[in-house]
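The block underneath contains the structure these notes are about, expressed in structure tokens.
Values in this document were obtained by computation on a predicted structure and should not be read as measured data. Both counts, for ligands and for their atoms, begin at 1 and track the order of listing. Sequential numbering from 1 along the given sequence is applied to the chain's residues.
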Amino acid sequence: MSLAHGRPYLAIPGPSVIPDRVLSAMHRASPNIYAGALPEMVAGLWPDLKRLAGTTGHVGIWLANGHGAWEAANSNLFSRGEKALVLSTGRFGLSWAESASKAGIEVELFDFGRSTPADPNRLESALRADPRHEIKAVLVTQTDTSSSLRNDIAALRAAIDAAGHPALLAVDGIASMGCDEMRMDDWGVDLIVGASQKGLMVPPGLGLIWASERAVARCKGADLRTPYWDWTPRFNATEFWQHWYGTAPTHHLFGLRESLDMIFEEGLEAVWKRHKALARAVWAAFDAWGADHPHIALNVADPAQRGHGVTAARIGPAPAATRLRAWTETRAGVTLGIGLGMDTADDPRSDGSLRVAHMGHVNAHMTLGALAVMEAGMQALNIPHGAGAVEAAARVIAQSA
Ligand SMILES: *Cc1c(COP(=O)(O)O)cnc(C)c1O
């Protein structure tokens, strides 16, 4: 029997759950793109997007997914042949490096693997070994959604400064904006890449770039720019169409307005705290499942190095994780994330990893429900696991709420 009939929960982690308020805000007739409600509403989006990132710099929106937003970042930061140092902590770090390299940027890649964060000391020595300042920017993912590793962005900036190097710091915040703490100006971040479909709770389709004055000045002549990706007309738009270099993403913008209202009504710091509490509940459940069952384990050992919007874990032996995902989706209406980039297809451990999202429009009953459903699936499938996981998660919620 399936007990999946009811509201499904996509916890994969992106696209994330779209709030009814966002859906309702998008449910309207096509607006006039030359005057009236849309341009008037959009004028207020820019200051709120800057507030979200903690910056007084610039922000722009491209009709694109995250891969498109990477290209916006790459093409505005670099000229052909200029050098990027990429600090990778998972599949998305590697993909950004690939995107930069294919665009004609010279990429030096530090691959920190899938379970350890980017090392500020190694960054500092690499920059000290670059006296001619050939490295124009350091590219790093704040939370890599595949590994769920979270990098210490302020510490990486401190390492750049300690080396006395002028490199810009560019951060992929696609999975962390609206989930993990971000203080762009305080932390000395020069560029953030964002997308609508994760912590921002809007369907995929908007790529965002926040840029510091320093990045705009330093990258003025970057020759990888093509007219669509160039941030100059967008950051200096005097006519509405220039913000999008064409037709505006009309309905997505109304959705984004609503999601920002929701974030600021709750309070940005409260949003970060909610994500942290839900993350800790998930971690507590995995710790209980994995006690005396080493085939179940969180991917990142140190809680301080874990993102708060997604948790990557091993549920072995393969194919236990894949079987469990199928069970939770078809029997209980919870779709969990695949173990992205954690195993290669020919790896015998493939199908032994998964991810639980707790990103965006998610509350205690959704996370506790997802964990209880996972518990039920492990029981139904005879996947050996420790006892007390749901109780442990409930305890975290009881102490946080
Ligand atoms: C989802 C994600 C991306 C890719 O976004 P797409 O919209 O799939 O192109 C890039 N980086 C991070 C950290 C992500 O979470």
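- For Glu98, the salt bridge (Lys or Arg N to Asp or Glu O under 4.0 Å) partners are Arg91, not counting sequence neighbours.
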Ligand 1 N/O to protein N/O, distances under 3.5 Å:
from: ligand 1; atom 1: 7 (O); to: Gly66; atom 2: N; distance (Å): 2.8
from: ligand 1; atom 1: 7 (O); to: Gln197; atom 2: NE2; distance (Å): 2.7
from: ligand 1; atom 1: 9 (O); to: Gly66; atom 2: N; distance (Å): 3.1
from: ligand 1; atom 1: 9 (O); to: His67; atom 2: N; distance (Å): 2.7
from: ligand 1; atom 1: 9 (O); to: His67; atom 2: ND1; distance (Å): 2.5
from: ligand 1; atom 1: 11 (N); to: Asp172; atom 2: OD2; distance (Å): 2.7
from: ligand 1; atom 1: 15 (O); to: Thr145; atom 2: OG1; distance (Å): 2.3
from: ligand 1; atom 1: 15 (O); to: Lys198; atom 2: NZ; distance (Å): 2.6

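- Taking the six-membered ring where the residue is Trp, Trp283 and His308 present tilted rings, their angle falling between 30° and 60°.
- Remark: Asp292 engages no residue in a salt bridge (Lys or Arg N to Asp or Glu O under 4.0 Å) (not counting sequence neighbours).
- Residues passing the side-chain contact (heavy atoms from CB on, under 4.5 Å) test with Glu124, sequence neighbours excluded: Arg128, Ala159, Ala162, Ala163.
- Between Met177 and Met182, the shortest heavy-atom contact is SD-CG, 3.8 Å.
- In the model, Asn74 has a side-chain atom that pairs as donor or acceptor with a side-chain atom of Trp96 under 3.5 Å.
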